[in-house]
Amino acid sequence: MPTDTGSVKRMSRKCNSCYVTGDEKQLFSCSRCRSQAYCSKECQKADWKTHKKMCQNNGLLESVLKEHESTPMGLFDRLTLVDGMSMYELDQRLEKWVRWHSGTLMAATVQALRLPEDVTRAHTHLLYVKLEPRSEAEHQGATGKYFRVVDVDVIEMEDGLRRPSPWPESIMQLRDLGMDAIRNRRGYVAAAMVECEPLCVQTVPFGSMTQDALRREVLHDTWKQFFIKHIEEGQKPKILRGRGRPRQ
């Protein structure tokens, strides 16, 4: 992804409650679903009312996939998935890949939705990323290369609501999260929807998006090419804010 030099402030994971960045304070993931990060037990407790439903759904899905492994259909899955993986193993691999590329996904979401021009687009649009798994011969154990991009584009939330379950449920949860952030004056919540069939779509939210925080962002029409390039190469780029010329 392009990066900007100048007054530098790194874009990174943030606490899901107070939105302090991982550069400012050490973060830990929710031990149950591992999908959200926190800077303290107090912040985790304060966010539980908002995070509870998503956490329970993620935990339930993981349990279901784990149990599915030993069923006849689970064994059949191994015949159809790359490297004889189970659905559970594919889900775990996707989870690791999302954490690895969280900064790239966030930067692509900001660029694709053109949030520096209008941060309220986080309420109406999503970044859609469709993936396919790579074979072990291709990724050679590198987390950043577990998947390749099949498609990446911007979609309207209304379009997502018309897609099969769990798309509508995921978007409604995302909207609730966004409204809660606005009520608490934490900015907007943008999101990437990551899909790797036959797994369900995964929501990757990014909080504390404000017009003021994004004012130094330089928009690049080539965001899609840079995104695909970094994913293909398994890079974990340093995403920086500031003014200046973009670097690859």
Using a 3.5 Å distance criterion without hydrogens, assess whether the side chain of [X] forms a donor-acceptor pair with backbone atoms of [Y].
X    : Y    : answer
D118 : T120 : yes
Q111 : H220 : yes
R134 : H139 : no

Please answer: with hydrophobic residues joined when any side-chain heavy atoms are less than 4.5 Å apart, are [X] and [Y] in the same cluster?
X    : Y    : answer
V152 : L219 : no
M179 : V189 : no
V129 : V150 : no

Are the ring centres of W100 and F147 closer than 6.0 Å? no
Any donor-acceptor pair under 3.5 Å linking the side-chain atoms of [Y] with those of [X]?
X    : Y    : value
Q44  : S40  : no
E138 : S135 : yes
Y38  : D47  : yes

Near E136 CD, under 6.0 Å, is it more than 12 heavy atoms from other residues, nucleotides or ligands?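 Not buried by this count: 12 neighbours or fewer within 6.0 Å.
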Cationic N near anionic O, under 4.0 Å, [X] to [Y]:
X    : Y    : answer
E195 : K130 : no
R114 : E117 : yes
R93  : E89  : no
D212 : R215 : yes
R175 : E169 : no
R162 : E156 : no
E233 : K145 : no

I would like to know whether D159 and R163 meet salt bridge (Lys or Arg N to Asp or Glu O under 4.0 Å); could you show each step before the answer? CA-CA 7 Å; D159 174 47; R163 297 191 179 197; 3.1 Å; yes
